[in-house]
K.L.:
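Can you read through this structure? Questions will come right after.
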Amino acid sequence: MQLIFMGPPGAGKGTQAQLLAALWKIPHISTGDILRACVVAKTPLGEKAKAYMDAGELVPDGLLMDIVQERMNQPDAKAGWILDGFPRTVPQAAFFDTLLCDVPGGGPTSGKDCALRAVNLDVPDNVLVTRLLSRGRQDDNEQTIRRRLQVYREQTEPLIEFYRDREQLVAVDGDRSMQEVTAQLQQVLSRNS
Ligand code: AMP
């Protein structure tokens, strides 16, 4: 299983990705978690990323590509993975395509033999803002939330078409209970795999 989780901030990507990864015994790879760990550890990458994250902006593509390349080459990523929060821009998606051809177990990146699926969790903006405000993460203040939603619409939403064109898109209504969304994802993905 090779799964990408898309959807706006607060759509439930992290929760669902974590649940399904545990169920399928494959790694849950969250670029946001990796970046937050770098910020806490004050690594050079963390120092560079912090200001972007605090402002609700995307961290530059080049930094993400290095992180993902390194993570995908770890042995536990051979059997499959769930990527949460990457790719988030069209250049990241294009880079990822090339990378998948090179990593062990990557396989074809499009066409009928391709194992990759991109899940979009759809949730209306008013629900997202309420959810994010109740989450209480450092970058979850109202101003940053509004900026992250705007960045999502401008830079990440075009990926829906990118994956739809390649017949890899799985669209799921995320405006339901956590259990209902999990059940729906399991159903749709077992049909698709
Ligand atoms: P997340 O936990 O996925 O909401 O990510 C938190 C923050 O980390 C985002 O608001 C971005 O600043 C940064 N980030 C995470 N993943 C990416 C990515 N693929 N591209 C650029 N920035 C990212």
Side-chain angles (χ1 to χ4, degrees), residues 1-9 11-41 43-46 48-49 52-53 58-121 152 155-156 159-160 162-172 174 181-182 185-193:
M1 180 69 74
Q2 299 180 338
L3 215 56
I4 287 169
F5 261 84
M6 301 190 295
K13 299 186 294 292
T15 309
Q16 297 297 338
Q18 208 167 3
L19 272 167
L20 293 178
L23 212 62
W24 294 330
K25 299 187 171 50
I26 51 177
H28 164 220
I29 302 174
S30 154
T31 47
D33 284 352
I34 296 173
L35 287 166
R36 278 184 289 279
C38 293
V39 170
V40 170
T43 66
L45 174 66
K48 281 188 205 142
Y52 295 100
M53 296 169 76
L58 293 185
V59 173
D61 286 340
L63 298 181
L64 266 297
M65 292 171 184
D66 288 345
I67 294 178
V68 170
Q69 181 154 22
E70 194 192 317
R71 186 64 187 87
M72 300 307 288
N73 278 309
Q74 311 267 318
D76 70 337
K78 268 190 196 151
W81 30 259
I82 300 185
L83 261 175
D84 160 14
F86 183 94
R88 247 178 164 102
T89 64
V90 173
Q92 289 181 15
F95 158 81
F96 192 55
D97 240 15
T98 330
L99 178 69
L100 274 189
C101 296
D102 295 340
V103 298
T109 57
S110 62
K112 71 174 173 45
D113 295 329
C114 179
L116 185 72
R117 295 286 172 269
V119 174
N120 185 49
L121 286 180
Y152 169 78
Q155 300 193 54
T156 308
L159 291 181
I160 296 177
F162 180 95
Y163 287 110
R164 184 179 286 132
D165 283 350
R166 300 156 53 111
E167 300 182 356
Q168 290 168 339
L169 185 73
V170 176
V172 168
V181 176
T182 311
L185 283 167
Q186 283 181 276
Q187 195 188 354
V188 181
L189 291 168
S190 63
R191 216 189 303 138
N192 264 276
S193 60

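Quick caveat, the model's predicted, so the values are computed rather than measured. Just so it is clear, the values below take in all heavy atoms, side chains as well, and ignore hydrogens, waters and symmetry mates.
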K.L.:
Does Leu121 offer a backbone N or O that forms a donor-acceptor pair with the side chain of Lys13 under 3.5 Å?
P.N.:
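It does not hold such a pair.
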
K.L.:
Ignoring hydrogens, what is the shortest heavy-atom contact between Thr89 and Leu159? Give both atom names and the distance.
P.N.:
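Closest approach of Thr89 to Leu159: O-CD2, 3.7 Å.
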
K.L.:
Go through the steps for Gln92 and Phe95 under the test side chain to side chain contact (heavy atoms under 4.5 Å, CB included), then give the verdict.
P.N.:
CA-CA 5 Å; Gln92 289 181 15; Phe95 158 81; 5.6 Å; no

K.L.:
Does Leu189 reach the side chain of Trp24, with side-chain heavy atoms less than 4.5 Å apart?
P.N.:
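In contact.
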
K.L.:
Please report the interatomic distance CG(Leu169) to CD1(Ile160), rounded to the nearest 0.5 Å.
P.N.:
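If we round to the nearest 0.5 Å, Leu169:CG and Ile160:CD1 are 7.0 Å apart.
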
K.L.:
Could you tell me which residues satisfy side chain to side chain donor-acceptor pair (under 3.5 Å) with Arg88, sequence neighbours excluded, listed by chain and number?
P.N.:
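Residues passing side chain to side chain donor-acceptor pair (under 3.5 Å) with Arg88: none at all.
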
K.L.:
Could you pull out all residues at least two apart from Asn120 that satisfy side chain to side chain donor-acceptor pair (under 3.5 Å)?
P.N.:
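Counting only residues at least two positions away or on another chain, Asn120 forms no side chain to side chain donor-acceptor pair (under 3.5 Å).
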
K.L.:
Once you round to the nearest 0.5 Å, how far does CD of Gln2 lie from CD1 of Ile82?
P.N.:
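Interatomic distance, Gln2 CD to Ile82 CD1, rounded to 0.5 Å: 11.5 Å.
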
K.L.:
Within a strict 4.5 Å, meaning less than it, do heavy atoms of the Phe86 and Ile29 side chains meet?
P.N.:
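Counting from C-beta outward, Phe86 and Ile29 never come under 4.5 Å.
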
K.L.:
In sequence, state the C-alpha distance, the side-chain angles, and the governing distance for Tyr52 and Leu35, and then conclude on side chain to side chain contact (heavy atoms under 4.5 Å, CB included).
P.N.:
CA-CA 11 Å; Tyr52 295 100; Leu35 287 166; over 6 Å; no

K.L.:
Can you run down the salt bridge (charged side-chain N to carboxylate O under 4.0 Å, His left out) pairs that involve residues 15-36, sequence neighbours left out, and say none if there aren't any?
P.N.:
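Those involving residues 15-36 are Asp33-Arg36.
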
K.L.:
Provide the closest heavy-atom pair for Pro87 versus Ala93 in the form atom of the first, atom of the second, distance.
P.N.:
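Result for this residue pair: CB-N, 3.5 Å.
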
K.L.:
Between Ile26 and Ala79, which heavy-atom pair has the shortest distance, and what is it?
P.N.:
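Nearest heavy atoms, Ile26 then Ala79: CG2-O, 4.3 Å.
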
K.L.:
Side chain to side chain contact (heavy atoms under 4.5 Å, CB included) with Gln186: which residues, sequence neighbours excluded?
P.N.:
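With sequence neighbours excluded, Gln186 shows a side chain to side chain contact (heavy atoms under 4.5 Å, CB included) to Leu20, Leu23, Thr182, given in chain and number order.
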
K.L.:
Just to verify, what does Asp76 make a salt bridge (Lys or Arg N to Asp or Glu O under 4.0 Å) with, not counting sequence neighbours?
P.N.:
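Checked Asp76 against salt bridge (Lys or Arg N to Asp or Glu O under 4.0 Å); matches are Arg71.
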
K.L.:
Going from CG on Leu64 to CZ on Phe96, what distance comes out if it is rounded to the nearest 0.5 angstrom?
P.N.:
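It comes to 11.5 Å.
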
K.L.:
Kindly compute the distance separating NE2 (His28) from CH2 (Trp81), expressed to the nearest 0.5 Å.
P.N.:
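Those atoms lie 12.5 Å apart.
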
K.L.:
CZ of Phe162: more than 12 outside heavy atoms within 6.0 angstrom?
P.N.:
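Above 12, so yes.
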
K.L.:
Could you list the residues that satisfy ring-ring contact (aromatic ring centres under 6.0 Å, His included) with Tyr152, not counting sequence neighbours?
P.N.:
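None.
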
K.L.:
What heavy-atom pair brings Gly14 and Asp84 nearest, and what distance separates the two atoms?
P.N.:
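What the structure gives for the nearest pair is CA-OD2, 3.2 Å.
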
K.L.:
Could you tell me which non-hydrogen atom of Pro27 sits nearest to which non-hydrogen atom of Ala21, and how far apart they are?
P.N.:
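Minimum heavy-atom separation between Pro27 and Ala21: C-CB, 4.2 Å.
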
K.L.:
Atom CG of Leu185 and atom CZ of Phe5: how far apart are they, to the nearest 0.5 Å?
P.N.:
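Answer for the CG-CZ pair, Leu185 versus Phe5, is 5.0 Å.
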
K.L.:
Taking C-beta and beyond as the side chain, do Arg166 and Asp97 meet within less than 4.5 Å on heavy atoms?
P.N.:
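Yes - at least one pair of side-chain heavy atoms lies under 4.5 Å apart.
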
K.L.:
Under the side chain to side chain donor-acceptor pair (under 3.5 Å) rule, collect the residues that match up with Thr31, sequence neighbours excluded.
P.N.:
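In terms of side chain to side chain donor-acceptor pair (under 3.5 Å), with neighbours along the sequence ignored, Thr31 is linked to no residue.
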
K.L.:
Applying side chain to side chain contact (heavy atoms under 4.5 Å, CB included), name anything that partners Val39, two or more places apart in sequence or on another chain.
P.N.:
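Residues passing side chain to side chain contact (heavy atoms under 4.5 Å, CB included) with Val39: Lys50, Met53.
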
K.L.:
Report the distance from atom CE of Met65 to atom CG of Leu99, rounding to the nearest 0.5 Å.
P.N.:
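It is 10.0 Å, given to the nearest 0.5 Å.
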
